[in-house]
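Let me begin by presenting the structure, written as structure tokens, before commenting on it.
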Amino acid sequence: MTTDTRATGPADEAQWGKTACILCECNCGVEVKVEGRQLVKIRGDKEHPGSAGYTCEKPLRLDKYQNGPHRIDTPLRRRPDGTYEEIEWDTAIREIATKLAKVRDEHGGDKIFYYGGGGQGNHLGGAYGRALLHAVGAKYMSNALAQEKTGEAWVDQQLYGNHTTGDFEQTEVAIFIGKNPWQSHGVARARPVLREIARDPHRAMIVIDPRKSETAQMADLHLQLKPGTDAWCVSAIAATLVQEELTAREWLDRHTVGSDEVLAALSRIDIADHARRCGVPEDLIRAAARRIAAAKSAATYEDLGVQQSPNSTLVSYLNKMLWLLTGNFAKPGGVHIHSWVFPIAGRWYPVPPQDGTPRALRARRAVGTALMRWGARPLRRALAVAGRSEWSRAGADWGANAALRAFFEPVSVPAARRMADALGRSNVEGTTPVSGANIIGGMIPCNAIADEILTDHPDRLRAMWIDASNPAHSLAESARFTEAMRSLELSVVVDVAFTETARQADYVLPAASQFEKYEASLFTLHFPHNTFQVRRPLMDPVPGTRSEPEIYAAIIDKLGVVDTRLIDDLTAAAGVSRHAFALALFSAVENQPRLAGLVPYLLYRTLGATLPDGERSLVLIWALAHLCAIAQPDAVRRAGFTARGFAQGEQLFEAFRSRGEGVMFADDRYDDAWGYIQHADGKIHAAIPVLLDELARITGIEPSYTSEEFPFTLSAGERRSFTANVIIRNPEWRRRDKNGALRMCETDAHSLGIETGDTVRVVTATGSAETSVEISDMMQQGHLSLPNGMGVTYPRDGDVDDVTGVPLNTLTSGARRDKFFGAPWHKNVPARLEVLTTTTAPEKAQESQ
Ligand SMILES: Nc1nc2c(c(=O)[nH]1)N[C@H]1C(S)=C(S)[C@@H](COP(=O)(O)OP(=O)(O)OC[C@H]3O[C@@H](n4cnc5c(=O)[nH]c(N)nc54)[C@H](O)[C@@H]3O)O[C@H]1N2
Ligand SMILES: Nc1nc2c(c(=O)[nH]1)N[C@H]1C(S)=C(S)[C@@H](COP(=O)(O)OP(=O)(O)OC[C@H]3O[C@@H](n4cnc5c(=O)[nH]c(N)nc54)[C@H](O)[C@@H]3O)O[C@H]1N2
Ligand code: SF4
Ligand SMILES: [Mo]
């Protein structure tokens, strides 16, 4: 039990515990008053280093995530008739491990697919899940990022090999492209930050959105384009920068290569013609470009409006040209590459310390690596023997400490890289075996998953492990994904709820909730002050549920892929000291590189046992703290962790563990952004030939996505005040818009003879759904918008399942996707409406008589 670790203070404060909101990637710090198992009061935590007390309206009802009939508390096994029976944990673990091993042995471990591993607030479990991938020899995995962010990630890789974030707190001109931060956040303390920009006459906001979204309503310039035409709109802005000579030529010459090709391509764009195609007045496009160019600083943020629309990868590239061509990189208010605790997708990059590298480093690295590699076993044996008495333990610790001091600097980067590459899986590249889809950041496109299963290709996927995600609901074309799941030899779902995906799985494993175990989110994307919060459990797990680290460790135990002598030796080393353990672990991995991917499991089973009761899963945070300090020693030092070498990671870990409100772990400098570029020449590689070709191609295309049969464009997935993916299933958590109405403009509604509150059937090429209508002046003619996160089952009065709102992916198609990285076009679904009830129209008619 963990009550003793919670906040102390006046009697009535005793039940308040620190944690975070888990409803979006911002993970604002909150304090929660717990009574029994209820989260009775929730308030922003002023001590949180990122959110500083801010929250939006959503977290107040987090209890509806924590408690309710949706929670499952026993493993379930599917019967042939599709119903589920409760089974014991031991049975579940044994049967699943046996079946995983069978698929591995008969078809190869690479036929086992891993999906998910975390949501908006939980990444610790998924990090342990990476060990399972390695234990079965899996190769392919994916998660929700591969249906939104991988196109942008690829563009980032080409340009500078890293991830960027905009400085919206300070920027003079904020540019939001298919992004509505008022509702969806993504920017820390989004609403005060937006209000501040809107209020300040010297700053400006430019919004590119077919809707007059809450953010667009605050904008100085709203480019209300036709849905799906961003490629023409954003290229016209970039072309204006070039053709009106508003680019930062000198800066580009100094800091980039290939910008001439970009400038040449953009100089060929017919701005007036592109303006016409996207439906935005040419004057407005030119005004936007001039405002950006005149500003001291500008930063852009693109999101689903373009990432789940046609030409998404090209638009990601064009978006970056807006700040790049104007030199808005690595300066206050601009766009920056930032530090990480651990990159959620992509490579782990060490940034060498600036105080010079000792000359003998290479020699010491060679000696240190050789010693680790060849001395691994004797070292472990010695530590095991030393662990037996206090006297020899002290001596062994002294020796280990001295060895680490001598060799840490030269060997820590290569050793850490080995582990980070294995865990980050960024070294998995290429294409998928069946459909040939591009793998980015180690992930296959979500839209390719069903293609990789529903085939008789010998290399098709045969088993799937799904953790903390609901793909049967959240991925395009639910029916096809469901069919794919059912055709597998084995499917396992780990979740807190009996989700749409769980209802298709062979086994369902009930997880402890995010308030019942240690958790953390790896969305550490801030600049210059990057923060990370490790959250303690607020209560014990619901009996019958288990944390993911426990689940993964139990399955890997059963798979029997790790020599028990290694576990014994590492445990003995952990008994000596963390120095000794680190040395033993590093050398074990150096000696047997395949162990790198199993590190989370090895840690959990060995060093984890030395942590106080209940804190075992924090052992991975220990490793992450070290990886973080090894990767960015200077930024971590500036954040106050001034010890050197191994001790710096220890210092950071202690802070992660003890500061419940979160920790500012890195203090970046504007100049660091240059050091964070991963190209050897330290420059931004501005030209991406394949996308410049694509730009030339689309200039010849007249965008048109609708037809006589489907005259509307449906945006399937608007973020609203009370949507949060499907983290909270209970529809009662919504204080407004409970049913998630379809928004449309007045002209369209009246031409169909309908009013707010009427019911229509939305029909697409894939499916249809009934929904109520809300007339909204946010919408332009021909554009419809439905909220995300709806349409899930929820048990009413104990057992009857209710569904509130539209399950969007019954309407979407897996085939309509980006040609490069497969992102679905959820924001651009051709649709028609059939009017079902028009209750208000006759009333209106009566009123007017
Ligand atoms: N309240 C709430 N917040 C959330 C979430 C949530 O479920 N609810 N989910 C979180 C997640 S996972 C994500 S990825 C983010 C997403 O955050 P956003 O991408 O900001 O959210 P959306 O509302 O999906 O889309 C943003 C805007 O794209 C516009 N749009 C539609 N079609 C087009 C188009 O063709 N071009 C352009 N330029 N714009 C278009 C829409 O009108 C909308 O205003 O939100 C996060 N935050
Ligand atoms: N049509 C359409 N489809 C979309 C979108 C859209 O706009 N339109 N948005 C897309 C986007 S951007 C995203 S990010 C995805 C999100 O879709 P998913 O990745 O499927 O995420 P969620 O729906 O939030 O599902 C998270 C799951 O984690 C479970 N969970 C919560 N806590 C825990 C825990 O501690 N442990 C475990 N094991 N499970 C837990 C929840 O019960 C839930 O089932 O949806 C995508 N799908
Ligand atoms: S939903 Fe997002 S912005 Fe709102 S409180 Fe939660 S983490 Fe913060
Ligand atoms: Mo997302």
Side-chain angles (χ1 to χ4, degrees), residues 19-29 50 65 114-134 141-146 148-150 153 163 186 338-348 419-420 422-426 441-443 465-471 474 494-496 511-526 530-537 547-553 597 599-601 603-604 615-628 631 652-653 656-657 662-663 665 724-725 727:
T19 182
C21 172
I22 58 166
L23 297 177
C24 88
E25 69 178 62
C26 289
N27 299 126
C28 299
Y65 156 82
Y114 184 96
Y115 188 81
Q120 303 293 305
N122 51 321
H123 296 151
L124 197 53
Y128 282 95
R130 297 293 166 101
L132 177 66
L133 256 98
H134 288 271
M141 61 154 291
S142 197
N143 62 42
L145 289 171
E148 48 172 327
K149 300 279 175 284
T150 34
H163 184 264
H338 53 85
S339 49
W340 298 91
V341 163
F342 189 84
I344 38 172
R347 285 179 200 287
W348 178 86
M419 294 181 209
L423 295 179
R425 301 193 55 75
S426 52
M443 290 177 279
W465 183 288
I466 300 169
D467 182 354
S469 195
N470 189 4
S474 61
V494 186
D495 205 296
V496 296
S513 86
Q514 294 180 50
F515 301 114
E516 299 167 349
K517 64 193 174 207
Y518 276 95
E519 257 306 352
S521 148
L522 288 170
F523 292 127
T524 50
L525 316 171
H526 317 282
N530 214 341
T531 61
F532 182 58
Q533 184 186 11
V534 173
R535 288 133 44 197
R536 298 163 180 283
S547 73
E548 291 79 358
E550 272 179 278
I551 296 173
Y552 288 113
V599 160
Y601 168 78
L603 287 169
Y604 189 80
E615 286 190 24
R616 185 184 273 236
S617 64
L618 275 189
V619 71
L620 194 75
I621 299 289
W622 173 81
L624 293 179
H626 279 285
L627 290 177
C628 174
L652 190 57
F653 172 58
F656 287 161
R657 169 155 99 161
V663 176
F665 68 89
N725 293 351
I727 302 163

Subject >> Which atom of P471 lies closest to which atom of I466, heavy atoms considered >> reply: CD-CG2, 3.8 Å

**OP:** Let me see the working for L620 and V599 under side-chain contact (heavy atoms from CB on, under 4.5 Å), right down to the final yes or no.
**Re:** CA-CA 9 Å; L620 194 75; V599 160; 5.5 Å; no

Subject >> Any donor-acceptor N/O pair, K517 side chain to P537 backbone, under 3.5 Å >> reply: no

Original post:
Could you go step by step and tell me if Y604 and Y128 meet the ring-ring contact (aromatic ring centres under 6.0 Å, His included) rule?
Top reply: CA-CA 9 Å; Y604 189 80; Y128 282 95; 5.6 Å; yes

Original post:
Shortest non-hydrogen contact from I22 to R535?
Top reply: CG2-NH2, 3.4 Å

Subject >> Exercise: identify the closest heavy-atom pair between A144 and Y115 >> reply: N-OH, 3.4 Å

Original post:
When rounded to the nearest 0.5 angstrom, what is the spacing between NE2 in H526 and CH2 in W340?
Top reply: 10.5 Å

Original post:
Of the non-hydrogen atoms in V534 and F532, which two are nearest, and what is the gap between them?
Top reply: CG2-CE2, 3.7 Å

Original post:
What pair of heavy atoms forms the shortest contact from A146 to M443, and how long is it?
Top reply: CB-CB, 4.0 Å

**OP:** Look up atom CD1 in I621 and atom NE2 in H626, then write down how far apart they are to the nearest 0.5 Å.
**Re:** 12.5 Å

Original post:
Considering only heavy atoms from C-beta outward, does the side chain of T524 approach that of F342 to under 4.5 Å?
Top reply: no

Subject >> Test item: Q120 and C24 side chains (from C-beta on) under 4.5 Å apart, heavy atoms >> reply: yes

Original post:
Using a distance-only test with no angle check, is there a side-chain donor-acceptor pair under 3.5 angstrom linking S339 and N530?
Top reply: yes

**OP:** Give, for atom CZ of F515 and atom OG1 of T19, the distance between the pair rounded to the nearest 0.5 Å.
**Re:** 5.0 Å

Subject >> Verdict with reasoning, S469 to N143, per side-chain contact (heavy atoms from CB on, under 4.5 Å) >> reply: CA-CA 8 Å; S469 195; N143 62 42; over 6 Å; no

Original post:
Where do Q514 and Y65 come nearest, in terms of heavy atoms and distance?
Top reply: N-OH, 3.0 Å

Subject >> By ring-ring contact (aromatic ring centres under 6.0 Å, His included) - contacts of F665 (at least two apart) >> reply: none

Subject >> Separation between CD1 of I344 and NZ of K149, rounded to the nearest 0.5 Å >> reply: 9.5 Å

Original post:
Within the distance-only criterion (no hydrogens, no angle test), does the side chain of N725 pair as donor or acceptor with the backbone N or O of I727 below 3.5 angstrom?
Top reply: no

Original post:
Any chance the rings of Y552 and Y601 have centres within less than 6.0 Å?
Top reply: no

**OP:** Using distance alone, with no hydrogens and no angle criterion, decide if H338 and H163 have a side-chain donor and acceptor under 3.5 Å apart.
**Re:** yes

Original post:
Between the main-chain N or O of A520 and the side-chain N or O of H123, is there a donor-acceptor pair closer than 3.5 Å?
Top reply: no

Original post:
Would L133 and R425 count as a side-chain contact (heavy atoms from CB on, under 4.5 Å) if you check the C-alpha gap in whole Å, the side-chain angles of each, and the deciding distance to 0.1 Å?
Top reply: CA-CA 10 Å; L133 256 98; R425 301 193 55 75; 3.1 Å; yes

Subject >> Point-to-point distance, once rounded to the nearest 0.5 Å, from CD of E25 to CG of N27 >> reply: 8.0 Å

Subject >> Stepwise side-chain contact (heavy atoms from CB on, under 4.5 Å) check, V341 with F656 >> reply: CA-CA 11 Å; V341 163; F656 287 161; 4.2 Å; yes

Subject >> Salt-bridge contact E615-R657 (side-chain N to carboxylate O under 4.0 Å) >> reply: yes

Subject >> Residues R616 and E550 bridged, charged N to O under 4.0 Å >> reply: no

**OP:** Take R536 and E519 through the salt bridge (Lys or Arg N to Asp or Glu O under 4.0 Å) test and state the conclusion after the steps.
**Re:** CA-CA 7 Å; R536 298 163 180 283; E519 257 306 352; over 6 Å; no

Subject >> CG-CG distance between L124 and L618, expressed to the nearest 0.5 angstrom >> reply: 7.5 Å

